[in-house]
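Let me begin by presenting the structure, written as structure tokens, before commenting on it.
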Amino acid sequence: MLNPDSVGRTFNGAETITVSQSQINSFASVLGETKTDVAPPTFSIRITLDQMQKILSGSEVNLDWSRLIHGDQKFEINRPIKAGDSLTCSSTIESYRVAAGNEIVTVRGDLFSGSELVVSTWSTLVVRA
Amino acid sequence: MVNFSGARMIEVGTVLPERVFEIDRELLVAYANASGDQNPIHQNEEFAQSVGLPNVIAHGMLTMALVGKYVTDWAGGSASVKEFGARFVKPVIVPAGEKVDLTVSATVAEIRGDRISLTISATSAGVKVLGMAKAVVLK
């Protein structure tokens, strides 16, 4: 079970992730996108979900990542991600509830380039009973 | 609304052309490698069934990424997308050796300033797979 004391808290990711052109190209290629000057709108998920997993499955929050399904997803894109961006991710546990034994947690992920907020994401994650 | 020469006629209620994407196991492997999401429910039939799924299912985020491609093509590029959201209501089931459809369409819901809101429909094998799917794009 998720540690209830973590709800409402923001956790700053320890890493800085530098986006490469080849990462954008391989993501775009799956979608048949040939214009790769900027990343496709959902590209940031590959950063935020990884960062959220590191924080949420750690002992401080203790979410069981192995039985997780993705409930919903939202992006607010201030500007598109491009190659060379060095991004940090902060994750905020915005809400948490248990319904029929399933744990339902909504996590906001904010990707920053220095002090500039580039993309905000919201992921609702469900740990099945 | 004035339809300027060469401009698209867009107003609330305008229906965008439907488009069909094909999803197969190969695409799931490509998306897993590109996104880093190597959950075996998207590649291994035996594992998927062991956790109660009917078969291998597509990543919800692959479905959403393809819908994103639909939106960006219409809006004129990835940089035009300002907001994008959806709920994963049913999985896209991908049997071995088959190509399944992801059928996408959208309607203009609102125009405010330089921003157009779209409500989006996405189905596979006739089943609605995304709920509350919306995007906001720049004109």
Side-chain angles (χ1 to χ4, degrees), chain A residues 17 19-20 22-54 65-83 104 106 108 118-129, chain B residues 19 21-24 26-42 47 51-53 57-73 75-91 102 130-138:
Chain A
I17 300 104
V19 176
S20 71
S22 72
Q23 288 168 344
I24 291 176
N25 292 352
S26 73
F27 198 96
S29 152
V30 176
L31 312 177
E33 178 61 80
T34 53
K35 282 173 275 177
T36 56
D37 52 327
V38 298
T42 64
F43 176 84
S44 57
I45 198 74
R46 72 167 268 153
I47 301 169
T48 58
L49 270 192
D50 181 56
Q51 292 293 303
M52 284 176 185
Q53 177 173 8
K54 286 179 176 141
W65 201 264
S66 68
R67 289 179 300 132
L68 202 75
I69 56 171
H70 204 162
D72 64 42
Q73 180 63 38
K74 193 173 104 178
F75 300 87
E76 278 184 16
I77 302 164
N78 291 328
R79 69 150 171 89
I81 291 172
K82 55 189 188 321
I104 303 163
T106 298
R108 173 180 177 147
V118 179
V119 178
S120 294
T121 70
W122 287 261
S123 302
T124 299
L125 307 169
V126 181
V127 180
R128 292 178 296 161
Chain B
R19 179 160 165 197
F21 294 90
E22 284 184 339
I23 300 178
D24 59 14
E26 213 172 296
L27 191 69
L28 302 192
V29 173
Y31 184 78
N33 292 335
S35 69
D37 184 347
Q38 298 285 355
N39 188 326
I41 62 172
H42 307 302
F47 183 86
V51 296
L53 294 166
I57 63 169
H59 309 72
M61 283 311 304
L62 168 60
T63 307
M64 199 169 168
L66 291 170
V67 171
K69 171 71 169 130
Y70 172 89
V71 171
T72 55
D73 281 354
S78 295
S80 302
V81 181
K82 302 305 290 178
E83 294 175 31
F84 187 26
R87 185 173 291 178
F88 304 109
V89 291
K90 290 279 181 195
L102 174 69
L130 295 183
M132 312 272 289
K134 287 179 192 166
V136 176
V137 301
L138 293 174

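Residue numbering restarts at 1 for every chain, and letters A, B, ... go by the order of the sequence lines. The figures here come from the full heavy-atom set of this structure, side chains too, leaving out hydrogens, waters and symmetry mates.
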Fit a plane to each ring of Phe75(A) and Phe84(B), take the angle between them on a 0 to 90° scale, and name the class: parallel (under 30°), tilted (30 to 60°) or perpendicular (over 60°).
-> parallel
Side chain, backbone, both or neither of [X] within contact of chain A (heavy atoms, under 4.5 Å):
X	result
Lys82(B)	both
Thr72(B)	side chain
Val51(B)	both

With a 4.5 Å cut-off on side-chain heavy atoms, are [Y] and [X] touching?
X	Y	result
Met61(B)	His70(A)	yes
Ile45(A)	Thr121(A)	no
Arg46(A)	Asp37(B)	no
Ile23(B)	Leu66(B)	yes

Heavy-atom distances under 4.5 Å only: say whether [X] touches chain B with side chain, backbone, both or neither.
X	answer
Ala28(A)	neither
Arg67(A)	neither
Asn78(A)	backbone

Specify which of Gly32(A), Pro40(A), Ser120(A), Pro41(A) makes the most heavy-atom pairs with chain B at under 4.5 Å.
->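 Ranked by heavy-atom pairs under 4.5 Å with chain B, first place is Pro41(A).
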Picking from Ser26(A), Gly71(A), Pro80(A), which has the most non-hydrogen pairs under 4.5 angstrom with chain B?
-> Gly71(A)
Would you say the ring centroid of Tyr31(B) lies under 6.0 angstrom from that of Phe27(A)?
->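 Here the rings of Phe27(A) and Tyr31(B) have centres that are less than 6.0 Å from each other.
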Of the listed residues (Ala65(B), Ala79(B), Gly77(B), Ala30(B)), which shares the most heavy-atom pairs with chain A below a 4.5 Å separation?
-> Ala65(B)
Report the option among Lys69(B), Glu83(B), Met64(B), His59(B) that has the most heavy-atom pairs separated by less than 4.5 Å from atoms of chain A.
-> Lys69(B)
Residue Arg87(B) excluded, over 12 heavy atoms near CZ under 6.0 Å = no
